[in-house]
Amino acid sequence: MRLGQGKGLLYGYAAEFDDPTQLVDATRAVRQAGYERFEAYTPYPIRELDEIVPGWNPLAAIVLIGGIAGALTAWIMQSWIAVVDFPINVGGRPLYSWPSFVPITFELTVLFASLAAFFGALGLCGFPLPHHPVFNLKEFARVSEDRFFLCIEARDSQFNLQKTAQLLDAFEPLELWEIEKE
Amino acid sequence: MTVAEKQLRTPRRPEPGTSVPVIAGAESFGTLTEQITSVVLTRPTPLFWYCTFGVAMAALIMFVISVTYLLYRGVGVFGIEVPVAWAFAITNFVWWIGIGHAGTLISAILLLLNQGWRNSINRFAEAMTIFAVMCAGLFPLIHLGRPWIFYWLLPYPNTMHVQPQFRSPLVWDVFAVSTYATVSLLFWYLGMIPDLASLRDRSRNRLAYGFYGVLSLGWRGASRHWRFHETASILLAGLATPLVLSVHTVVSFDFTIAILPGWHSTIFPPYFVAGAIYSGFAMVLILAIPIRKVYHLENLVTERHLNNCAKLMLATGLILAYTYAIEPFTSWYSGDTFEMAVVHYRAVGPHSWTFWLTLTCNVFIPQLLWFRKFRTDPKRLFFVSFVILYGMWVERYMIIITSLHRDFLPSAWSNFIASPWDVSVLVGSIGLFVVCFLLFVRFLPMISMFEMRELLPFSRPGGGMEK
Amino acid sequence: MKTDSANNFVSLAALTHGERGKRYWRSLEELSCSPEYQECLHTEFPENATEFLDEVSRRRFLQLAAASLGLAGLTGCTRQPPEHILPYVNPPENVIPGRPLFFATAVPVAGVAEGVLVESHLGRPTKVEGNPEHPASLGATSVHSQASVLDLYDPDRAKEISRLGVWQSAEDFQIALRESIAPLQSGGGDRFRILTDTVTSPTLGDQIQAVLSMFPGAKWHQYDGAGPHSARAGALMAFGRPVHTYYRFDKADVVLALDSDFLACGEGATRFAHDFANRRAGGDRSDMNRLYSVESSMTSTGGKGDHRLPLTYSEVELFARDLCAAVGVPGVTASGSPIHPEWITAISHDLIGHRGAGVVIPGSHHSPAVHAMCHAMNAVLGNVGRTVTHTDPLEVQSIDQIASLRELVTDMESGNVDVLLIMGGNPVYNAPADFDFRSHLHKVKTTIRVGLHSDETATECHWQVPETHFLEDWGDTRAFDGTVTILQPLILPLYDSTPYLRLLDSIVKPPGRSSYAIVRAYWQINAGSGNFEQWWRKSVHDGLIAGSALPSITPPLKTHWAGELASPPQQGIELVFRPDPYLYDGRYANNTWLQELPQPMTKLTWDNAVHLSPVTARQLKVGNQERVELNCRGRTVEASVWISPGQPENSATIHLGWGRSHSGRAGTGAGFDAYRLRTSDALWCGSGLQIRKIDKNYPLATTQLQQSMEGRDLILSATAAEYKNNPNFASQASKQPATELTLYPQWNYTGYAWGMSIDLTRCVNCNACVVACQAENNIPVVGKEQVLARRAMHWLRIDTYYEGDPANPRAFYQPVPCMQCEDAPCELVCPVQATNHSSEGLNDMVYNRCVGTRYCSNNCPYKVRRFNFLLFQDWVTEQTKLQRNPDVTVRSRGVMEKCTYCVQRIRETDIQSRVEDRFIRDGEVQTACQQACPTQAIIFGDINNHDNHVAKLKALNLNYALLAELNTRPRTTYLAELRNPNPELKSNS
Amino acid sequence: MPQFFPRTANSIARFSLLAMVLGIGLVAWLGAMIVRSPYETLQDVPRRQPVPFSHEHHVGGLGIDCRYCHTTVEESSFANIPPTKVCMNCHSQMWAVAPVLEPVRESYRSGKSIEWTRVHDLPQFVYFNHSIHVNKGIGCETCHGRVDRMPLMWQAQDLTMSWCLNCHRDPGMYVRPKEKVFAMGYEPPANQRQFGRELVKEYHIQSLTSCSTCHR
């Protein structure tokens, strides 16, 4: 939807670029202008944006917890089964022959940590989320190909139909879109 | 001038210290995406695909028939006996697991080492890993005397109040292999999400859109998506790296923990891991070479990739050669009758052909890779890789058979004779692998698009690109 | 003497290529370099892929179906089908369900019996044990006694009376019998003939006499294919009358076996082995006896010998003659060309040095002359009455069986026989070939055959009448020393069968008398004075009639023959016939246990072979498992070759009893029929054998491919002298690592700690233990193809190794059960705890937990674990189900199994003792192998109690553990073998 | 194809994810329940018998001792099912013509056994021995339950291996004085743990958990 043609409720403005340089500059400016509810969409990771777009990243902590949980589970399970649950003399080895417990402990550590990493990431991204207002914009499809979008949400306290539009326009986007809620 | 135009205009220069660029020929974000997604969405499936699929399917059917007969009659349909109670099935298991390793190495270890060139091959290398591990996992199962109670190898609250025996390497195997399969799958899928989104956005019919839409979970390419995606990838890579080493170590424990001469050896873990990567890269090349030809991906999977893979093969091959050399020495140095006897019978016993074939395939012929021609010319390289892959199977076969068939008491010695079912199951498993892989090529992005984009000029703010 | 292990490449290569002092070879295939072996080296996929259906599994097709259905039942998630209990209506006395009963009886083999106790579970005889009070058993058993119970349940037994293959009722048969013989009575009945096996049963003899008295003209012929024909002839030569001879090895210091395998087979073997072993390994082993073996084929006895001399059949006779001359038998002059004079002098000195304490024993199959000479030597050496006992013949009527059979045949030929009643035996199969019994049999009007199987003879006769198995009916029989045992039935006849006794009785008396009545009636007359009831009860209960042994006699020695001893000519290759150690004359051909029991020296199963010496084989350019055509004076048969080290040159040995054409599913077609070459003039040895190679390979299923020790210290042995000098040679040789070297602390066992000691000096390789184990533990038979595929299931095997010159090697026997290692490698690798240690140190194997990874088998250094690769257990044949031991799980497909130290016996005794609130006494628990062993080579018990027999044995300095260097700490250990060679005789020691 | 998925797709997606996880858990839990349930173990399921023999009547009502019928329980592994003759000892006089007892009389006449359906049916590979348990003070009731209250016989315990192990681990909790072995409705003393320990010592009871104790 080009600017001014929208009928439905407004989700926000989106500026379309074909050059990552422009996008990064624009995003930085938007941030400086005091906006909080904005997001940059790119076809591949651009590390510079990490510093600009607000947000936190607790993933590493989650993975650590997962790993520790895995290790404890494995070691406790093996020792308990071998020593307490059903103590059996296997080949004359002592019940608590701990060296044999190392491999499985390692494997479960990795398993739990990996699961934590994967589902942690998905959770933090809020996936699965097949429906999202930005998809209302037909041209948004190209963000997974070669276009870079900067979108400022209407619910941002700073948001103002004219000012915001002007701010974005200043960076000569290919197009300036307004995205509807529905 | 748009970025796309600039990209197309920029001449490709090989990165310093290399002869061929990672991406040969002019590409823009658009052309790149088009080239890869079209394989799935628009381009007609090549005849080559149908032919291979037909052959592989036939093999797969043979596999199903064999396994059915096996379950009906018992594991005795194989050639196994006492003393050689393990033979083909375990060989196949080790072989397939080994093949898997290269995939993880490329996707995880090379990622950590920030090797940009890996981006164009890591996706299907990972796919290869997953399917190889899947094939591997089948063999210990069908090899059981009573496969229908395989779950007794897993700890779970049962009415018998009996649990697995955690001192047994076989239980370690269960955990190692299943962990490996899970982690590889997660890693593979996580990496694919953005590309699935690309497919979603470019698919023209509702069915395809729905399919890829569901798989891509609603990926929007938002910067915070990328943030978590990147962190998760790096962490998974970090976890997968020790994992992949541990898996084949644990597999080697199946042998080293046993007291058999020829098995009971501390050199096995590194020996096995090296061998695994060796055979894995051979498989990567065997898959990559025809595919880049058929789908005209020579500009993405370039000579540079072939060259690098070949070099890695050469390196691991030399490690292997070293262990081959050190084994007889240690057994001689130990002065242990039984150890020496095994070495002796490997060289001159009824199965000596395995020993010499191993040396030929894994040590002598691969020395050709010292020559650049053999590293870069697809045909030659394909041949060498094939020899290595075969050689690695024979090597595992040799390790298992020759150690078992003549151990401590001469009265119990025998000469193993394989049965037709041994062979049909092996060939069948290859069919299973190829079928899975072809389906992957047909329906999923076989090259990681978002990582490739990073390698294009002007992909970085300020106009640079990833190294 | 043991050989120290090689410790560098050079000597290893040397050892395996055979240049290190003694000559080693890898396996005989390799020695002979047969193309078949070469092929085996190179091809990986020969035609006979292992899983293709073999005899056993072909007939197992239904079972497979059954099994695959059964699989459902095995999986966790289905319930077992409802089970029904059928209690007695009127409970029999002293039957306690769940507790076996034991009944005394005897196992007759060709008329000579061994006293046994038969275990019965709710009326099912399941297992045969020795009868400690019986002279022939002393608690041990022979292979045949152990296997006899399977004969009872043989599904191929003759099941119904039939005439020309058509079913007939017992009444019809009675009538027909009357009608056919009634008219003969007028003519004195000389057209009526009875042909039997050798008969020692007093009652049966009496019955036959009764019939004969009714038909004065009728004749009674006896023929036993492998009977002691020449022993009788020899006795006639030596004493001018038939004499039965047996020996007292417990009193013998020096034993000379002239082609005799007295330790492993033949009448009295169980007792002989027992006495022999006691003199050999008795006390502190300071006074060992000495065994010389001069033989024409490699036998267990020969392998046991302190000196063994391989000579051809005819050379043995010459040797005997020279020896006679040397020990001074009057009238005997040494043959012109003495063979091995040093042997003659050494042995004669030894024998003369031990007057009255020596034994010269001839092989029952050897020539009459040799028998006569042995009698003479024993007489001259004063052994008679001391180590050698003569009695009247065991047979009710001792006759020249060959002559008797020849007479019958000529009469049949000239049509002088109207009715021929054949009881037992199998003349159509095993009569001398030149008699052509089969075709003459057809000239008889009525032929009636009473026998266990519908065999070759039965199918050629008009009437076929099933015989009762000895476990099914009453009767009596004699042991090797004449002791009589009254046979009592343990089970009602399984089929509509007619015992001899009732049949004959129905001829002379109105039918209806039971065998019980007949036997009682006979003994009522012959029991002598005293309370008969008491006498009867005692005799039946004890399993023998006290004092019924035949009185010893001392017949005067005749030496008129000494002068006319012709030196037998030998041209070409000699063909030696021997009764098969297991199948005897073929009567056990359908016994699958015996079929699959590895032959003592060759470890062959399911086949016989023509045994050739390595040299002869090379000359003939034949290798193992190749087919040859044997041509003996025009008669030919196709046979497969087996190269036997220790076989004399220019001599071929073949075992009788194989190649049956009508034996049953197991016996039919197994091996080749040696009788086709056997003529009445050359019963045991024919000269002028031609061997022609046929281009055909014929796989022979052996359970041990490798008979060299590869220079490893598996069997420790020393001569008596060496032992005296260094009593600790065994402990010095064993490489048991020190305890403090192990990473983990030792597990210590309070309470019972079960252990076993196996005395290699005692073991004579008779294999009784192997069958006993099979019978006790429900071990399946797998069939030839599966044995070829190395899947034989025996829990216990006797490894037989050769050492030294292939022409005349020294043999070693080593029984190998599960070692029950304390630090068991197998347990460590089992993923599901299916094998682990009991509180008493047993290496338990839990079949129902096993998932079948086979890792334990790989990791077992002794390779004693056996795996059910396919469904080996017979699930459909009803008869075989009856034999099963209810105290042992019947294993199905896909599970591992192995020797358990007969844990079922341990548990039963344990429970019993705890109920009585006491401890288990020493020897109260016996493993099946131990109980069967004639020489008590196997001793089992609690090693924590130092007063126990086994603990004492383990304390001996001869004690050593197999592969001790692996630190598996086996509970089963061995006592090193001692031999006692004659210092005067250097060679072969 | 802008906005292919409706807004509800989000919740559907999340829910299906959750459902998948819960579903797997549920299936596993159900399986575990089933193998422990009477459906699998046949616990508490009265069996149909050719003659509706009532332990309630004979034991509870008439107070006949267990050993009158199960004669070999003290000396053999098998507790013995009474021969027809034992039934007829009484029933030739009382209820001599009762139609319900016809199968018994029929069996006695014809000499053919009565086909009882086995109630306590252990797998073929399990070797249980009555004599040792009875002689060491384990009551019939401990495993067979209040037989004197069972009109038709059923299995009072689930007879799973873990159930066996409960006692084999700690016999003290279940042992009773020998004279009380055949008693029904025996109340263990409050101090069973301590009391049991003494009995264990007195009777020389050992807790055997080796596999070969039951599996041979």
Side-chain angles (χ1 to χ4, degrees), chain A residues 18-21 23-25 39-50 52-53 55 57 59-60 63 77-78 81-82 85-86 88 90-91 93 97 100-101 103-104 106-108 110-111 113-115 117-118 120-122 124-125 127-132 134-135 141-146, chain B residues 2-4 28-30 33 155 161-167 171-172 175-176 178-179 182-183 186-187 189-190 194 197-198 200-202 213-214 217-232 235-236 239-240 242-243 246 250 253 450-451 453-454 458-463:
Chain A
D18 73 342
D19 186 339
T21 327
L23 175 78
V24 173
D25 299 347
E39 180 56 277
Y41 301 90
T42 57
Y44 54 87
I46 295 179
R47 290 168 190 63
E48 289 76 357
L49 293 170
D50 280 1
I52 307 163
V53 180
N57 186 351
L59 198 52
V63 172
M77 174 187 73
Q78 297 182 76
I81 286 176
D85 184 43
F86 199 157
I88 293 177
V90 173
R93 272 63 168 182
S97 38
S100 328
F101 301 160
I104 290 181
F106 172 78
E107 302 299 340
L108 283 195
V110 172
L111 181 63
S114 310
L115 290 169
F118 181 79
L122 258 51
L124 290 167
C125 293
F127 290 157
L129 195 75
H131 173 97
H132 191 278
V134 293
F135 292 126
R142 287 187 75 170
V143 82
S144 63
E145 181 179 347
D146 57 356
Chain B
T2 68
V3 168
S28 75
F29 292 141
T33 315
H161 208 304
V162 183
Q163 300 294 351
Q165 203 272 101
F166 290 106
R167 296 171 192 81
V171 179
W172 305 347
F175 281 84
S178 48
T179 305
T182 320
V183 174
L186 298 180
F187 197 17
Y189 180 57
L190 188 74
S198 303
R200 173 196 64 196
D201 297 337
R202 298 173 61 82
V214 169
L217 302 170
W219 178 268
R220 306 192 296 285
S223 60
R224 54 170 63 82
H225 291 177
W226 286 120
R227 182 185 297 146
F228 300 131
H229 188 271
E230 288 279 280
T231 332
L235 287 171
L236 279 176
L239 289 163
L243 175 64
S246 85
V250 168
F253 283 166
F450 78 92
E451 285 170 299
R453 292 193 192 103
E454 298 183 78
F458 307 102
S459 60
R460 298 246 71 59

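Numbered from 1 within each chain, the chains take letters A, B, ... in sequence-line order. Not measured: the values here are computed from a predicted model.
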[Y] and [X], any side-chain heavy atoms less than 4.5 Å apart:
X	Y	result
B:His225	A:Tyr41	no
A:Asp146	B:Arg453	no
A:Glu39	B:Ser223	yes
B:Val214	B:Arg200	no
A:Ser100	B:Trp172	yes
A:Ser144	B:Trp219	no

- Query: Is it true that B:Glu230 and A:Arg47 have a side-chain N and a carboxylate O under 4.0 angstrom from each other?
  - Reply: yes

- Task: Measure B:Thr231 against the heavy atoms of chain A and call it side chain, backbone, both or neither at under 4.5 Å.
- Result: both

Interface residue of largest heavy-atom contact number with chain B, from [options], under 4.5 Å:
options	result
A:Leu115, A:Asp19, A:Ile104	A:Ile104
A:Ala60, A:Gly91, A:Ala82, A:Ser97	A:Ser97
A:Val24, A:Leu23, A:Ile88, A:Leu59	A:Leu59
A:Val63, A:Val134, A:Leu49, A:Ile46	A:Ile46
A:Ile52, A:Thr42, A:Val53	A:Thr42
A:Arg142, A:Glu48, A:His132	A:His132

Under 4.5 Å, counting heavy-atom pairs only, tell me which of [options] racks up the most with chain A.
options	value
B:Leu235, B:Val171, B:Thr33, B:Thr179	B:Thr179
B:Phe253, B:Phe228, B:Phe450	B:Phe228
B:Glu451, B:Gln165, B:His229	B:Gln165
B:Ala222, B:Pro242, B:Ala232	B:Ala222
B:His161, B:Gln163, B:Arg167	B:Arg167

What part of [X] lies closer than 4.5 angstrom to a heavy atom of chain B: side chain, backbone, both or neither?
X	value
A:Leu129	both
A:Val143	side chain
A:Leu122	side chain
A:Asp25	neither
A:Gln78	both
A:Pro103	side chain

- With under 30° as parallel and over 60° as perpendicular, where do the rings of B:Phe166 and B:Phe175 fit, or are they tilted in between? tilted

